[in-house]
Amino acid sequence: MARDWKNYTAVQRFPLLKGYVDIFSDVSYHNEMAGLISFFYVQGQTTVDYIRIPINNSHLDPRIHLFWIQPTRSGKTIAWEHTGDVLEALGVPQDMFSTGTDAALIGSWNKYEDNGEVVLELQKGLLAGKKALNFDEGSVLFETKKQHLNEVVLYLQQAMNPVGTKANTLVKHMKDGKIETESRVSFWLTTFPPQGVREVVLTKGVFQRVLLLIRPWPIERREQVSEERMNTAFKRPPEYDVTMDDFTEYFSAIRKILRARTCTLAGIGDFEWNSMTDDDREKIAQQIMYDFWQVDSSYHPLLNSHKDHMYELVRMMDPKMADVVCAFIPNLLNYTNIFAVHLGLLEAYDRHSGDHVEMAKDPATFTFTGDHVEMAAEIIYDLYEELVTWLESEVELESVAKDRKARKAAWKKAWSASKLTSIEGHQGDWVRKSELMSVYAKQNGGVSRNTQFLHFKDARSMFTEASIGVTKYVQLVPE
């Protein structure tokens with residue numbers, strides 16, 4: 001990443017956040033950025049019923065959908081251990097998914113007879129309701145030629161749309177009736193670096209909805225991690241400044257404060273809220289969202305400054321690459337708002353030393369500032385730079401490989417169209433090099449002589465060369 005994680009303003013300011021990452025990184029070595037995101041991932045899922053961030057006539061919800069791309073055996077799988085432990089302590093449902101049917105994701109009808117009558121009972125799928133879903137084999141999302149997996153990607157994409165919107169409702173038409181599923185799931189997807197990046201990025205909308213964490217894992221880091229792990233063999237873990245109880249107390253307090261404010265603004269009691277259907281709760285959440293939060297005068301200028309920095313980087317790129325990168329910017333700006341909200345709530349908790357009663361009374365608890373935007377932007381911009389670096393290197397390599405393959409095919413075609421001959425002292429079929437170059441030029445739009453030789457230089461390994469006097473011949477090397 002562009003900076004050491006301990007230099008983030010949020011980490012330096014909030015001991016609870018630093019303590020969370022410390023424990024996370026002792027489980028998943030040197031994956032501190034994933035630990036930072038894990039904190040907000042948990043907070044997003046625990047507050048999904050209450051937080052709606054207005055964006056004009058639409059809104060965002062607080063969930064974080066992480067897609068973590070990193071080489072194998074680098075701590076991605078075990079990282080869920082800490083995140084899962086915190087979620088379990090909070091009573092948040094969690095599940096794992098590798099592959100499955102539409103019914104497993106969306107749900108299905110269970111048909112049976114009761115006293116001679118046919119009864120249809122809905123069996124909810126994995127994407128229904130609130131839960132944290134660990135998708136440990138995200139590589140399947142890059143399988144572009146399998147129809148079933150394309151449908152899985154579509155469902156995940158819909159489930160990531162803001163809660164309470166029509167786009168978030170997953171619909172499946174079955175012979176026994178239509179199934180409609182609203183999803184409040186938070187996704188934690190991990191995979192190794194994929195092949196075919198450009199095709200995937202351009203065709204899979206899910207990648208413009210997730211928060212992408214892309215990290216190289218060089219040999220030096222692997223060796224360092226191995227040494228650190230072996231040095232802890234037979235040793236107890238260290239004593240931490242914060243504990244699991246501190247985390248559960250914090251997340252529970254935030255949830256309690258948000259529910260109390262929701263009920264106050266809606267003019268209802270806690271019992272009435274708990275008795276409501278999810279649809280009725282969602283209506284209330286959206287009705288009060290404009291009154292729920294305030295932002296000060298520095299919020300929007302700093303958010304726009306963050307936006308400017310992102311587009312400044314794009315303006316220096318090749319237009320085609322810039323178009324690819326620009327597809328990610330709106331989502332990253334959305335996540336800047338979401339992180340700012342999470343950080344604002346963390347600051348309020350820190351300011352009141354965890355007293356949730358005082359937090360609820362303080363209007364500043366629900367007011368966000370440019371300071372919150374700056375703390376969020378530090379993290380988001382580093383993720384953005386890593387994304388850009390990855391896309392530039394991967395897409396460039398892929399483009400070069402495709403060009404080389406196309407030129408190789410072009411030289412074979414030119415060889416096949418040239419007049420074969422035999423030459424003294426050499427076996428097999430040969431062609432005059434001058435003729436091959438001429439045929440290649442005609443077949444490829446009349447490229448100049450300089451371009452012919454540049455292309456031939458790149459394809460030289462395809463041919464064996466020989467000279468008879470001043471005449472040069474080439475022979476295609478068998479594959």
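Judged purely by atom type and a 3.5 angstrom limit, Arg221 uses its side chain to pair as donor or acceptor with the backbone of Pro216. Side chain of Gln94 to main chain of Gly84: a donor-acceptor pair is present (N/O by atom type, distance under 3.5 Å, no hydrogens or angles). Formation of a donor-acceptor pair under 3.5 Å by the Asn274 side chain with backbone atoms of Asp270 is found in this model. Remark: the backbone N or O of Leu90 is not paired with any side-chain donor or acceptor of Thr248 at under 3.5 angstrom. Formation of a donor-acceptor pair under 3.5 Å by the Thr47 side chain with backbone atoms of Arg255 is not found in this model. Using modelled atom types, one side-chain atom of Tyr335 and one backbone atom of His65 make a donor-acceptor pair closer than 3.5 Å. Looking at Arg63, its side chain does come within 3.5 Å of a backbone N or O of Asn161 through a donor-acceptor pair.
Between Met310 and Leu333, some side-chain heavy-atom pair lies under the 4.5 Å cut-off. With a 4.5 Å cut-off on side-chain heavy atoms, Leu343 and Asp371 do not count as touching. No side-chain heavy atom of Lys178 sits less than 4.5 Å from a side-chain heavy atom of Lys172. Using a 4.5 Å heavy-atom threshold, the side chains of Thr191 and Lys76 count as separate. Side-chain contact between Leu391 and Phe328: present, with at least one pair of heavy atoms (C-beta onward) separated by less than 4.5 Å. Contact annotation: the side chain of Asn134 never approaches that of Phe187 to less than 4.5 Å [non-hydrogen atoms, C-beta and beyond]. Here the side chains of Trp188 and Asp136 are not in contact, with every heavy-atom distance at 4.5 Å or above.
Within the structure, no pair that satisfies the ring-ring contact (aromatic ring centres under 6.0 Å, His included) test touches residues 305-325, not counting sequence neighbours.
Taking Asp49 as the reference, Lys130, Arg184 meet the salt bridge (charged side-chain N to carboxylate O under 4.0 Å, His left out) condition, with sequence neighbours excluded.
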Q: Using the salt bridge (Lys or Arg N to Asp or Glu O under 4.0 Å) rule, take Glu386 and Arg215 through it: C-alpha gap first, then chi angles, then the decisive distance, then the call.
A: CA-CA 7 Å; Glu386 288 287 343; Arg215 297 197 68 206; over 6 Å; no
Q.
side-chain contact (heavy atoms from CB on, under 4.5 Å), that's the test. Do Trp293 and Thr367 meet it? Break it down for me.
A. CA-CA 6 Å; Trp293 316 104; Thr367 301; over 6 Å; no
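A ring-centre distance under 6.0 Å is not found for Tyr250 and Phe247. The aromatic ring centres of Trp273 and Tyr50 sit less than 6.0 Å apart.
Note on ring orientation: taking the six-membered ring where Trp is involved, the planes of Phe97 and Phe135 are perpendicular (angle over 60°, cut-offs 30° and 60°). Note on ring orientation: taking the six-membered ring where Trp is involved, the planes of Tyr20 and Phe39 are perpendicular (angle over 60°, cut-offs 30° and 60°).
Asn168 and Thr165 form no side-chain donor-acceptor contact under 3.5 Å, judged by distance and modelled atom types alone. Neither side chain, Thr369 nor Ser298, offers a donor N or O lying under 3.5 Å from an acceptor on the other. For the residue pair Ser186 / Gln45, a side-chain donor-acceptor distance below 3.5 Å is found, with atom types taken as modelled. No donor-acceptor contact under 3.5 angstrom links the side chains of Asp355 and Tyr349, judged on distance only. Neither side chain, Ser305 nor Asp308, offers a donor N or O lying under 3.5 Å from an acceptor on the other.
Exactly one of Leu213, Leu387, Leu212 qualifies for a side-chain contact (heavy atoms from CB on, under 4.5 Å) with Ile69. That residue is Leu212.
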